[in-house]
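To start, the structure itself, in structure tokens.
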Amino acid sequence: VSDCDSVRRLVAPYLDGELVDDERRLVEAHLASCEACRALVARESSLVSAVQGALPRHEASAELRERVGSFADRRQPGLGWTAAVAALVLGVVAGAVVWRFWGQRATAPGSDLVAVAVDSHLRFARGQLPLEVRSEEPEEVSRWFAGRVPFHVTLPDYPVAPGEMKFYRLEGGRLVALEGDYAAYVAYRMDGRPISLLVASATTVEPSGRDTVKWGGLTFHLESRAGLNVITWSDKGLTYALAAELGFGGERSCLVCHGSPKERGKIEGFSPRPPDDLIAR
Amino acid sequence: LIDAKRGEDFRRRAVACLDGLYSFAVSLSRDSARAEDLVQETYLRAFQARRKPEPLEGVRPWLFTILHNLWRNQRRRAAMASLDDDTAGALPSGEPDPAEDLARAEDAARLRAAIEALPHAFREVVVLRFGEGFSYREIAEVLACPAGTVMSRLARARCLLRASLAAGPEPKP
């Protein structure tokens, strides 16, 4: 094997700065006396520069940057005793203040829950939010969420009577980020239009909306944004957000969980429609 | 105080990787929405992780490793065909000389198309090496493969890209 053969094998790692000192000195000593190998290094170097210039650089959107920033700004786990003690002291001092303003914060418009529900619904409708589990079987989708979200998801099902058509279809689900944790996103379709259900732990996020309706012992929060109606509420340790197009009829979207004849009776008379002036905003 | 300073250092280093991670995610998924999901999930996991890289200089390859693992798991779930080194087929022999053509803009476009057309396993090492400047060892860490595999994939990717430049423009009909 000639010196040239040995050196040519090292040209790429040489240009990539991957050679140890001895190898690098060997290559450089050879290049000083070999014009052919110098030409090869020049060609390879040109190729590397061209590849570097041709590689597309993509800039993260402002929205993504903001989301990532919001994760970063949250308290990180595992910071150790010093930070834990400091957090405890601060927590006690700040506790009363937080308690005082908690109600206002939780119901402020534009909170993460509604924003994430709207964003997820719109992206899913545009085909930009791929489902991680695709199934029409509520049991299968519920099973997929087990262990992936820090709460139990049980999607309801009801038997269809012979000859009866199911008027909505479960499409599947996926995880979405919400308040530094995961929420369960479940996609349904009714009359060809998507309906999105977001489920999160009530300790992670609280329902919010511009208007509230009390029904069946629960408080439903209503918000119209980006052409969607979003209904949010908490029940038995979970917080839900249901998003559907404006004009679809918020109560109709409730049928994805209350579709059986018995369940339908529970939502009769429920009108989660915000006042007209809210829709016009 | 030390923990707080370290936490802030970690945060600063992690957020500085955003564009690089997003570019890598686009090159893997070829879809901006999926790339955003990958990046978002990467950061979510990174900030929630109890064990951070030590020393913090390792944050960048660690984040790329998380993103690559997420992507690989998605591919597995979607039962997408995995690519290995053999997918490149027969490689061209000889040593074409692309240097004299490099100044021409059409070469850059052709090279870009050639990078896009690279088999997945080659494209990711090209992006990590030439786009992100990772060392062979760091790429091996990100991709969970031996450094020798990184070197061989890079060598074959270079052959393919060199050949794309040497081939010249497609004949016009």
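FYI, side chains are in, hydrogens and waters are out, and symmetry mates aren't considered; it's all heavy atoms of this structure. Reminder, nothing fancy here: chain letters follow the sequence lines and each chain counts from 1. None of these values were measured; they are calculated from a predicted model.
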- Task: For chain B, find which of A:A60, A:G53, A:P56 contributes the most heavy-atom pairs closer than 4.5 angstrom.
- Result: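 Of the candidates given, the most pairs with chain B belong to A:A60.
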- Message: Around atom CD of A:E139, are there more than 12 heavy atoms from other residues, nucleotides or ligands closer than 6.0 Å?
- Response: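 No, because the 6.0 Å sphere around CD of A:E139 holds 12 heavy atoms or fewer from other groups.
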- Query: More than 12 non-hydrogen atoms from neighbouring residues, nucleotides or ligands closer than 6.0 Å to CZ on B:R51, yes or no?
  - Reply: no
- Task: Keeping the roles fixed (side chain from B:S23, backbone from A:R57), state whether a donor-acceptor pair exists under 3.5 Å.
- Result: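 Not a single qualifying donor-acceptor pair exists.
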- Can you tell me if B:D19 uses its side chain to pair, donor with acceptor, with the backbone of A:E59 under 3.5 Å? no
Nearest 0.5 Å, what's the [atom1]-[atom2] distance between [X] and [Y]?
{"X": "B:N73", "Y": "A:E132", "atom1": "CG", "atom2": "CD", "result": "10.0 Å"}
{"X": "A:Y182", "Y": "B:R45", "atom1": "OH", "atom2": "CZ", "result": "4.0 Å"}
{"X": "A:S70", "Y": "B:Y43", "atom1": "OG", "atom2": "OH", "result": "12.5 Å"}
{"X": "B:I115", "Y": "A:L55", "atom1": "CD1", "atom2": "CG", "result": "4.0 Å"}

- Message: Can you tell me which portion of A:R65 sits under 4.5 Å from chain B's heavy atoms? Options are side chain, backbone, both or neither.
- Response: both
- Does any heavy atom of chain B fall under 4.5 Å from the side chain of A:R123, the backbone, both, or neither of them?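 Side chain only.
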- Message: A:V51 vs B:R129, test: side-chain contact (heavy atoms from CB on, under 4.5 Å). Steps then yes/no.
- Response: CA-CA 10 Å; A:V51 171; B:R129 171 67 213 137; over 6 Å; no
- Task: Test B:R162 against A:E44 for side-chain contact (heavy atoms from CB on, under 4.5 Å), laying out the working first.
- Result: CA-CA 9 Å; B:R162 203 185 295 124; A:E44 283 300 309; 2.7 Å; yes
- Inter-chain contacts: residues 131-140 of chain B against chain A, heavy atoms under 4.5 Å: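 Within residues 131-140 of chain B, the residues under 4.5 Å from chain A are B:G131, B:E132, B:S135, B:Y136.
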- What are the residues of residues 54-61 of chain B, in order of number, with any heavy atom under 4.5 angstrom from a heavy atom of chain A?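 Within residues 54-61 of chain B, no residue comes under 4.5 Å of chain A, counting heavy atoms only.
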- Item | Between B:E41, B:M151, B:Q40, B:R112, the one whose heavy-atom pairs under 4.5 Å with chain A are most numerous |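 When all of B:E41, B:M151, B:Q40, B:R112 are compared, B:Q40 has the most.
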- Message: Looking at every heavy atom in both A:P130 and B:D37, which two are closest together, and how far apart are they?
- Response: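 Minimum heavy-atom contact is CD-OD2, 4.2 Å.
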- Note on the structure: In short, A:H58 meets B:V26 closest at the heavy-atom pair NE2-CG1, 3.4 Å
- Query: Is the shortest heavy-atom distance from the side chain of B:L44 to the side chain of A:V68 under 4.5 Å?
  - Reply: no
- Check whether B:L21 gets within reach of chain A through its side chain, its backbone, both or neither, counting any heavy atom under 4.5 Å. neither
- Message: Only heavy atoms, only distances under 4.5 angstrom. Which residues in residues 16-24 of chain A are near chain B?
- Response: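 Residues of residues 16-24 of chain A touching chain B at under 4.5 Å: A:D16, A:E18.
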- Message: Could you walk me through whether A:L64 and B:L18 satisfy the side-chain contact (heavy atoms from CB on, under 4.5 Å) test, starting with their C-alpha distance in whole Å, then the side-chain angles of each, then the deciding distance to 0.1 Å, before giving a yes or no?
- Response: CA-CA 9 Å; A:L64 179 60; B:L18 177 57; 4.3 Å; yes
- Listed partners of A:F151 passing ring pair (Phe, Tyr, Trp, His ring centres under 6.0 Å), at least two apart: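 So A:F151 forms no ring pair (Phe, Tyr, Trp, His ring centres under 6.0 Å) with any residue.
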